[in-house]
Amino acid sequence: DAGITQSPRHKVTETGTPVTLRCHQTENHRYMYWYRQDPGHGLRLIHYSYGVKDTDKGEVSDGYSVSRSKTEDFLLTLESATSSQTSVYFCAIRDSLYEQYFGPGTRLTVT
Amino acid sequence: DAKTTQPNSMESNEEEPVHLPCNHSTISGTDYIHWYRQLPSQGPEYVIHGLTSNVNNRMASLAIAEDRKSSTLILHRATLRDAAVYYCILRAIQGAQKLVFGQGTRLTINP
């Protein structure tokens, strides 16, 4: 196992509420990524981090923010959740051989 | 980002070899070819990657065309547990190592 966990695993929230998803790694890797996956789509990159306090946008970053105050934690925040953000969210870490390891996913439903 | 083209779905029988094709005609000379797969209700997992030469590991083999415009993932003896969506992805040698997932190939294994 790559030592990557996500919390919560499932969440139901209402439109307009803030939501924070957490990704935790025990591997001390520099790069971490947040993806979302929707039916009929492959994974799409939301944001990524290349070190503590160093983050950048992916292809679908609108409506999302991230923070990385410690190497082991990468947080994804939906400031005001919308129904279009109902999705499965995957976190990933990248090792020194450029392989990405993915967490188990968080299923988020915005009602 | 250079794009890849894969068949939407393929079907094979248990204990037979499976050849999953991928076209990447716009690949640059420094792009690595990565394969990931996603089992039902799980995050993607790394399968194999290569640059120019054919590669083998415990999971699969990767055959890369001489002009690098296509590649084939080979599962030598498919099992029911190999039923998954397989993604062929190009990864730039420099930068943040962002992975761009396409639709992938849904592989069905018949008993």
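Chain letters run A, B, ... following the sequence lines, proteins first and then strands; every chain starts at 1. The analysis underlying the following values was restricted to heavy atoms, covering all of them including side chains, and did not include hydrogens, waters or symmetry mates.
- When all heavy atoms are compared, the tightest approach of A/Gln37 to B/Tyr87 is NE2-OH, 3.4 Å.
- In this structure, A/Gln100 and B/Tyr36 have side chains that are in contact, with non-hydrogen atoms separated by less than 4.5 Å.
- B/Glu11 pairs by the salt bridge (charged side-chain N to carboxylate O under 4.0 Å, His left out) definition with nothing, not counting sequence neighbours.
- For A/Glu14, the CD atom is loosely surrounded, since the number of other residues' heavy atoms within 6.0 Å does not exceed 12.
- Atom CZ of A/Arg44 is surrounded by more than 12 heavy atoms from other residues, nucleotides or ligands within 6.0 Å.
- A/Tyr33 is not listed as a side-chain neighbour of B/Leu99, based on a closest heavy-atom distance of 4.5 Å or more.
- A pairwise comparison of heavy atoms in B/Phe101 and A/Leu43 identifies CB-O, 3.4 Å as the closest pair.
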Side-chain donor/acceptor pairs under 3.5 Å, residues 54-66 of chain B, sequence neighbours excluded:
unit_1: B/Asn54; atom_1: OD1; unit_2: B/Ile64; atom_2: N; d: 2.9
unit_1: B/Asn56; atom_1: OD1; unit_2: B/Ser61; atom_2: OG; d: 2.5
unit_1: B/Asn57; atom_1: OD1; unit_2: B/Met59; atom_2: N; d: 2.8
unit_1: B/Asn57; atom_1: OD1; unit_2: B/Ala60; atom_2: N; d: 2.9
unit_1: B/Asn57; atom_1: ND2; unit_2: B/Val47; atom_2: O; d: 2.7
unit_1: B/Ser61; atom_1: OG; unit_2: B/His76; atom_2: NE2; d: 2.6

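- For B/Asn8, the CG atom sits in a loose shell: 12 or fewer heavy atoms of surrounding residues, nucleotides or ligands are nearer than 6.0 Å.
- The contact between A/Leu45 and chain B is made entirely by side chain atoms (from C-beta outward), counting heavy-atom distances below 4.5 Å.
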